[in-house]
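To keep things clear, I will list the structure first and then write my remarks on it.
No hydrogens, no waters, no symmetry mates; every other heavy atom, side chains included, goes into these values.
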Protein chains: 2
Amino acid sequence: MNSDYTLAIHSLTYLALQPDRMSTSDAISESAGVHPVRIRKVLSLLKKHGFIKSKEGTGGGFLFALDLSEVNLWDIYKITSEGALQPKCPESNEQCIVGANMQRVLCSIFLGAEEHMGEYLMGYTIKEVVDLVKKRL
Amino acid sequence: MNSDYTLAIHSLTYLALQPDRMSTSDAISESAGVHPVRIRKVLSLLKKHGFIKSKEGTGGGFLFALDLSEVNLWDIYKITSEGALQPKCPESNEQCIVGANMQRVLCSIFLGAEEHMGEYLMGYTIKEVVDLVKKRL
DNA sequence: TTAATCTGTAATGTTTAGTATTACAGTGCA
DNA sequence: TGCACTGTAATACTAAACATTACAGATTAA
């Protein structure tokens with residue numbers, strides 16, 4: 001699982017808890033324990049998809065742009081990690097019936113697996129993640 | 001997705017197509033396009049779980065030990081890759097409510113995702129993979 | 001009983017992917 | 001004008017994946 005994915009969830013959850021002021025990449029990076037540049041990279045993806053707004057300059061930062069229950073974990077997965085489940089198939093031997101066909105077979109199976117997982121992830125919105133985080137236990 | 005997983009599937013499929021003679025790690029590695037030592041490592045795992053037999057020495061190699069429909073892709077996943085979906089959470093800030101709780105929340109969500117995917121993978125046995133490979137298209 | 005052919009596994013080296021760091025242009029505020 | 005941000009590219013570092021080497025032990029066949 002790509003860790004940009006977890007970073008994106010972490011960031012959005014952070015923003016969700018600061019609904020009335022902008023948060024800087026520095027503040028988020030301190031919460032997540034990674035470098036601010038990474039936060040900006042991940043958030044620039046989320047911005048492109050309209051989940052957040054950003055503002056440059058003094059007093060700038062990031063802000064959640066939608067309702068918390070409009071964004072679910074499958075949406076975020078698709079943006080940050082789609083295809084992460086796909087097998088990394090080394091060049092296999094085309095002379096061999098197994099080598100020649102395995103990649104195709106596995107790709108289609110793993111695509112199905114990803115879609116299947118998607119249905120599960122759709123069940124979690126940022127709102128629910130925020131609630132779980134608040135519960136502390 | 002751990003590529004030991006795809007290697008295990010590849011190897012088992014290969015063995016399934018050679019039911020009446022032993023296959024060497026060299027032959028399998030040539031089909032899969034990886035180093036024979038890796039094949040032996042992965043297959044030693046599968047052997048521990050009783051999916052295959054092996055024999056050392058001249059004329060030795062590996063052999064499928066069960067019926068093709070007794071082994072499904074979830075079984076293999078559990079052996080080679082369980083936990084691969086778990087997020088790699090960097091140490092986050094315990095002072096922050098998000099940092100302090102995110103790992104716990106994500107672990108439980110991703111555990112569910114893995115189980116959910118498991119139900120899908122259970123639907124594919126090696127027999128079905130072999131059939132798909134034979135179909136060639 | 002010796003040589004050849006395998007597995008099993010540890011140790012080491014190499015490559016690649018992930019991540020951090022640095023640098024700096026552009027934007028907006030005070 | 002100076003400061004505090006985002007945005008992004010370039011570079012450097014680190015860790016994980018993978019290949020390679022090495023060799024002990026098992027098995028067969030000459």
Side-chain angles (χ1 to χ4, degrees), chain A residues 1-8 10-11 14-15 18 21-65 80-81 83-92, chain B residues 1-8 10-11 14-15 18 21-65 80-81 83-92:
Chain A
M1 182 75 65
N2 188 326
S3 87
D4 279 355
Y5 183 42
T6 67
L7 262 190
H10 191 120
S11 302
Y14 188 99
L15 295 181
Q18 309 282 340
R21 57 166 171 146
M22 305 214 99
S23 307
T24 67
S25 61
D26 249 49
I28 302 170
S29 79
E30 202 170 338
S31 164
V34 300
H35 200 277
V37 171
R38 261 188 88 192
I39 298 288
R40 296 207 286 274
K41 259 185 219 158
V42 171
L43 291 192
S44 93
L45 267 180
L46 296 177
K47 185 189 173 185
K48 273 179 198 152
H49 288 78
F51 295 158
I52 59 176
K53 296 175 199 158
S54 73
K55 204 172 74 174
E56 303 183 13
T58 303
F62 301 90
L63 203 62
F64 215 107
T80 60
S81 308
L85 246 52
Q86 283 303 310
K88 312 146 202 151
C89 287
E91 298 167 21
S92 50
Chain B
M1 185 74 66
N2 189 327
S3 87
D4 279 357
Y5 182 43
T6 67
L7 262 191
H10 191 120
S11 302
Y14 187 99
L15 295 181
Q18 309 282 338
R21 57 165 171 148
M22 305 213 99
S23 306
T24 66
S25 59
D26 249 48
I28 302 171
S29 79
E30 201 170 339
S31 165
V34 300
H35 200 278
V37 170
R38 262 189 87 193
I39 298 288
R40 296 207 286 274
K41 261 184 217 157
V42 171
L43 291 192
S44 93
L45 267 179
L46 296 176
K47 186 190 173 186
K48 274 179 197 153
H49 287 80
F51 294 159
I52 60 175
K53 296 176 201 157
S54 74
K55 204 173 72 173
E56 304 183 11
T58 304
F62 300 91
L63 203 62
F64 214 109
T80 60
S81 309
L85 245 53
Q86 283 304 311
K88 314 147 200 148
C89 288
E91 299 167 21
S92 50

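For the pair A:D26 CG and D:dT6 P, the computed distance is 7 Å after rounding to whole Å. The CZ-C1' distance, from B:F62 to C:dT5, rounds to 13 Å in whole Å. A straight line from CD1 of A:I39 to P of D:dT6 spans 11 Å, rounded to a whole angstrom. Residue A:R38 contributes atom CZ, which lies 17 Å from atom C1' of D:dA9 at whole-angstrom precision. The nearest whole Å value for the distance from the CG atom in A:L15 to the P atom in D:dT6 is 11 Å. Taking atom NZ of B:K53 as the reference point, atom P of C:dT7 lies 16 Å away to the nearest angstrom. When rounded to the nearest whole Å, the span between CD1 of B:I28 and P of C:dG8 equals 11 Å.
Partners of A:S11 by side-chain contact (heavy atoms from CB on, under 4.5 Å), not counting sequence neighbours, listed by chain and number: A:I28, A:I39, A:L43.
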Indicate for each nucleotide in nucleotides 22-30 of chain C, in 5' to 3' sequence, whether protein heavy atoms under 4.0 Å reach the base (B), only the sugar-phosphate (S), or nothing (-). B---BBBB-
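One finds no salt bridge joining B:K41 and B:D4 here, because no Lys/Arg side-chain nitrogen approaches an Asp/Glu carboxylate oxygen to under 4.0 Å.
Here the shortest heavy-atom pairing between A:L63 and A:Q18 reads CD1-O, 4.0 Å. Shortest non-hydrogen contact noted between B:I52 and B:F64 is CG2-CA, 4.2 Å. Between A:G60 and A:T24, the closest heavy-atom pair is O-CG2, 3.9 Å.
Here the straight-line distance linking atom CZ of B:F51 with atom CG of B:L15 works out to 13.0 Å at 0.5 Å rounding. Rounding to the nearest 0.5 Å places OG of B:S25 at 9.5 Å from NE2 of B:H35. To the nearest 0.5 Å, atoms CG (B:L46) and CG (B:L7) are separated by 10.0 Å.
Judged purely by atom type and a 3.5 angstrom limit, A:S3 has no side-chain atom pairing as donor or acceptor with the backbone of A:T6.
Residues from residues 41-48 of chain A that place a heavy atom under 4.0 Å from any atom of DNA chain D, listed by number: A:S44, A:K47.
Applying the side-chain hydrogen bond (donor to acceptor under 3.5 Å, both in side chains) test to residues at least two apart or on different chains, the pairs with a partner in residues 48-65 of chain A are A:K47-A:S54.
For B:S54, a side-chain nitrogen or oxygen approaches OP1 or OP2 of C:dG8 to under 4.0 Å. Residue B:S3 places no side-chain N or O under 4.0 Å from the OP1 or OP2 atom of D:dA17.
One end of the helix from C:dT1-D:dA30 to C:dA30-D:dT1 points its axis 0° away from the other end's axis, with each axis taken from 5 pairs and the angle rounded to 10°.
In this structure, a donor-acceptor pair under 3.5 Å is present between the side chains of A:H10 and A:S31.
Toward the 5' end of DNA chain D, the nearer of the two residues A:T24 and B:P36, judged by each one's closest nucleotide, is A:T24.
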